[in-house]
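As the structure is a prediction and not an experimental result, all values here were calculated from the model.
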Amino acid sequence: LAFRVTPPDAYVLVNGTLIGQAREWSGQKGKPTYQLPGPGEHVIKLRKAGMHDYLIGVTAGGGGTTAVVARLAAIPTEQVETTDLQSYRVREAVGFRVQPASAVVSVDGQPMGAAARFAGRRGQPDSWLALRPGLHRVTLSAPGYRSRDLAVDVTGGAEEERQRIEVTLAREGG
């Protein structure tokens with residue numbers, strides 16, 4: 001099997017056994033493909049925190065490589081246990097100071113652009129990420145680093161109008 005999964009850092013389980021991240025078994029750029037443990041029926045589960053699991057049944061037979069193409073969907077923020085995420089409450093917007101500088105921001109699974117674009121500078125309203133009222137999942141990610149999810153609750157009752165959030169993403173495998 002060659003895994004072509006979005007996001008590529010989703011974990012792959014074969015018959016309940018973790019084999020690693022999808023990107024490790026892509027068959028691309030020198031990465032190996034995954035050989036199923038034998039002929040017959042197998043259950044593949046793709047899993048990433050904050051996203052719906054993706055289940056696939058495969059039948060191993062005569063050989064060859066099959067591409068497993070999947071796009072995991074984010075769990076709606078209102079269904080995520082907020083105790084699992086670092087939370088922030090604001091009335092209007094958030095800004096970011098993220099390491100590495102190459103980090104990007106997604107809100108509720110939708111890409112917003114480079115985190116540096118939303119640096120939250122005083123007197124520069126365009127440097128803040130304005131969010132509509134409600135609970136949002138904000139994801140900060142960068143190639144080679146583990147992504148980080150935050151819960152941002154935008155409500156009129158929040159003490160702060162805007163808040164600047166500092167995050168250092170951890171390196172993959174570190």
Exercise for review: For the pair D108 (side chain) and R137 (backbone), establish whether a donor and an acceptor sit closer than 3.5 Å, ignoring hydrogens and angles.
Suggested key: yes

Exercise for review: Only counting residues at least two apart or in another chain, list the ones meeting side chain to side chain donor-acceptor pair (under 3.5 Å) with T139.
Suggested key: D149

**Study point:** Which residues share a side chain to side chain contact (heavy atoms under 4.5 Å, CB included) with Q28, sequence neighbours left out
**Key:** R4, S26

Exercise for review: With sequence neighbours excluded, give me every side chain to side chain donor-acceptor pair (under 3.5 Å) pair touching residues 60-71.
Suggested key: none

Exercise for review: Provide the full list of side chain to side chain donor-acceptor pair (under 3.5 Å) pairs with a residue in residues 90-103, sequence neighbours left out, each pair given once.
Suggested key: E92-R162

Check your understanding: Does K48 have any side chain to side chain donor-acceptor pair (under 3.5 Å) partners at least two apart in sequence or in another chain, and if so, which?
Key -> D9, S147

Revision key, fill the gap. Residues passing the side chain to side chain contact (heavy atoms under 4.5 Å, CB included) test with A73, sequence neighbours excluded, are H52

**Study point:** Counterpart residues, side chain to side chain donor-acceptor pair (under 3.5 Å), relative to Q163 (two or more places apart)
**Key:** none

Check your understanding: Can you list the residues that meet the ring-ring contact (aromatic ring centres under 6.0 Å, His included) rule with Y34, with sequence neighbours excluded?
Key -> W25

Review point. How far does CG of L129 sit from CZ of F96, to the nearest 0.5 angstrom?
Key: 5.5 Å

Point to revise | Residues in side chain to side chain donor-acceptor pair (under 3.5 Å) contact with E41, at least two apart in sequence or another chain | key: T59

Check your understanding: Between D53 and R47, is the closest basic N to carboxylate O distance under 4.0 Å?
Key -> yes

Study note, to complete from the structure: The complete set of salt bridge (Lys or Arg N to Asp or Glu O under 4.0 Å) pairs with one or both residues in residues 54-63, sequence neighbours excluded, reads none

Point to revise | Side-chain cluster (under 4.5 Å, hydrophobic types only) that W128 belongs to, other residues | key: none

List the atom pairs, donor and acceptor, that lie under 3.5 Å between side-chain atoms in residues 116-123 and the rest of the protein, sequence neighbours left out.
| residue | atom | partner | partner atom | Å |
| --- | --- | --- | --- | --- |
| R117 | NH1 | M112 | O | 2.9 |

